[in-house]
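For reference, the structure is listed below as structure tokens.
Numbers here simply count residues along the sequence, with the first being 1.
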Amino acid sequence: MMMPFDPKETRTTRNLLQFCYTCHEAHECDTERKCIACWEALGIEDEAVEAEQTTEELLVLYAM
């Protein structure tokens with residue numbers, strides 16, 4: 001049985017791998033909320049949301 005697609009979960013996983021894996025202060029982010037706050041402070045989360053919205057819009061256009 002396939003799990004439903006969750007864009008937030010995918011975005012969080014991608015950000016953890018892309019930005020937190022190499023961060024020297026990653027040990028300070030012991031909850032998902034702290035990670036998201038860090039990404040927002042660095043401007044990372046906003047860029048990821050914009051990129052996904054653009055992709056989603058394109059997919060809707062392709063499906064029409």
Side-chain angles (χ1 to χ4, degrees):
M1 184 164 146
M2 289 189 64
M3 298 290 291
F5 177 71
D6 182 2
K8 181 184 179 289
E9 186 177 309
T10 302
R11 182 173 56 243
T12 301
T13 303
R14 185 189 63 233
N15 284 353
L16 285 169
L17 291 171
Q18 185 174 1
F19 302 113
C20 299
Y21 184 73
T22 58
C23 178
H24 296 292
E25 298 166 0
H27 65 280
E28 295 175 10
C29 296
D30 54 0
T31 65
E32 186 175 331
R33 280 190 184 163
K34 288 182 182 179
C35 291
I36 292 171
C38 179
W39 300 330
E40 288 174 349
L42 295 172
I44 294 169
E45 186 65 12
D46 293 335
E47 293 171 9
V49 170
E50 288 176 20
E52 286 184 15
Q53 289 172 340
T54 302
T55 302
E56 183 178 348
E57 291 169 3
L58 286 172
L59 290 172
V60 169
L61 290 174
Y62 291 144
M64 295 179 137

> Which distance, rounded to the nearest 0.5 Å, do you find between the CD of E32 and the CG of N15?
Replying inline: 10.0 Å
> Out of curiosity, I44 CD1 to R11 CZ, how far, rounded to the nearest 0.5 Å?
Replying inline: 13.0 Å
> Any side-chain heavy atom of C38 sitting closer than 4.5 Å to one from F19?
Replying inline: no
> Is the shortest heavy-atom distance from the side chain of T12 to the side chain of C35 under 4.5 Å?
Replying inline: no
> Between atom CH2 of W39 and atom SG of C23, what is the distance when rounded to the nearest 0.5 Å?
Replying inline: 11.0 Å
> Can you name the closest pair of heavy atoms from E28 and K34 and give their distance?
Replying inline: O-CD, 3.7 Å
